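Only one structure is covered here, and it is reproduced in the block below.
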Amino acid sequence: MNRAVNVRDAATTALLRDAPDTGLEVLLLRRHASHVFGANAYVFPGGALDAADDDAELRARCAGGAEAIAEAVGDQGFALAMAAIRECFEEADLLIACTAHTPVSARRREVLRAALNQQTACWTDIVTEMDLRFDLDALAFFAHWTTPAGPPKRYSTRFFAAAAPDGEARCDGLETTHVWWARPHAAVAAHDRGEIELMTPTRATLESLARYPDAATALAELMQAATVRVP
């Protein structure tokens, strides 16, 4: 008799930017080969919800968008949006939907990121040191996918989109091993040729993004609640 697999809440973010010659690009990270779930697959930065993602200190630092996120996503909307922001920092070293009022050196930022990944510091500690202020209006919630029954891990994942911030994405070497700013249709084509692994929700999102000419157009449409996809 198979043991039931607990479904964990999670969040992920499609980070979008425009390349000078090729148009819309989206950030993909290759998962480490050691992962039980999605090993070697190219995914958007994301991960499971942490209890601290709903910390009152984080809510106090939110300048806007919390009510809209809660209305669009549900009771856990704020925490899931915070998980999306935290995971982008953990996995890609990018800060989205926020502004740092106390910038830190590159070295200190790397120390903070490593501590977060190693669970020797919590997100609230890092937010406080960098004096981050959040604007959740910068996030577009556009899909909700739940892993089918059967795999060793299951997730109820909310998909967000956001404009990529300045700076280069860097994989952490632990959960992610390669960074690719991909044109959506090129990533789908690479999957069709068997060159890369894509999970079903990632591929479906890339197919949807491929029809947009630029990041601004994509985000404008994804901001509309009518586009939310719940397979």
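In what follows, residues are counted from 1 in the order of the sequence shown. None of the values given here were measured: they were computed from a predicted structure.
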Under 3.5 Å, sequence neighbours excluded: what are the donor-acceptor pairs made by side chains of residues 88-98?
residue : atom : partner : partner atom : Å
Glu90   : OE2  : Arg86   : NH1          : 2.7
Glu91   : OE1  : Gly46   : N            : 3.2
Asp93   : OD1  : Arg109  : NE           : 3.0
Asp93   : OD2  : Arg170  : NE           : 3.1
Asp93   : OD2  : Arg170  : NH2          : 2.7

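- Between Thr147 and Lys153, every side-chain heavy-atom pair lies at or beyond the 4.5 Å cut-off.
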Output side-chain donor-acceptor pairs under 3.5 Å for residues 15-23, partner residues at least two apart or in another chain, one line each.
residue : atom : partner : partner atom : Å
Arg17   : NE   : Glu25   : OE1          : 2.9
Arg17   : NH2  : Glu25   : OE1          : 3.1
Asp18   : OD1  : Ala215  : N            : 2.8

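- Between the Asn117 side chain and the Ala114 main chain, no donor and acceptor come within less than 3.5 Å of each other.
- A distance-only check finds a donor-acceptor pair linking the side chain of Thr176 to the backbone of Asp172 [under 3.5 Å].
- Using a 30° and 60° split on the angle between ring planes, Phe159 and Phe44 fall in the perpendicular class, above 60°.
- With respect to the salt-bridge test (charged N to carboxylate O, under 4.0 angstrom), the residues Arg61 and Asp135 do not qualify.
- Here Arg31 does not pair with Glu197 in a salt bridge; the nearest charged N to carboxylate O distance is not below 4.0 Å.
- Side-chain atoms of Leu209 and Leu222, non-hydrogen and from C-beta on, do get closer than 4.5 Å to each other.
- Val127 is listed as a side-chain neighbour of Phe134, based on a closest heavy-atom distance under 4.5 Å.
- The side-chain heavy atoms of Val104 and Val111, taken from C-beta on, include no pair separated by under 4.5 Å.
- Taking the side chain as every heavy atom from C-beta outward, Asn6 and Arg154 never approach each other to under 4.5 Å.
- Counting heavy atoms from C-beta outward, Leu24 and Asp214 have side chains that stay 4.5 Å or more apart.
- Between Met82 and Leu49, the closest side-chain pair of non-hydrogen atoms is not below 4.5 Å.
- Using cut-offs of 30° and 60° on the angle between ring planes, the pair Phe141 and Phe160 is tilted.
- Although no hydrogens or angles enter the test, the distance criterion places no donor-acceptor pair under 3.5 Å between the side chain of Ser156 and the main chain of Arg8.
- One distance of note links CG of Leu28 with OG1 of Thr202; it measures 7.5 Å at 0.5 Å rounding.
- Proximity of Thr12 to Glu87: side-chain heavy atoms (C-beta onward) are nowhere separated by under 4.5 Å.
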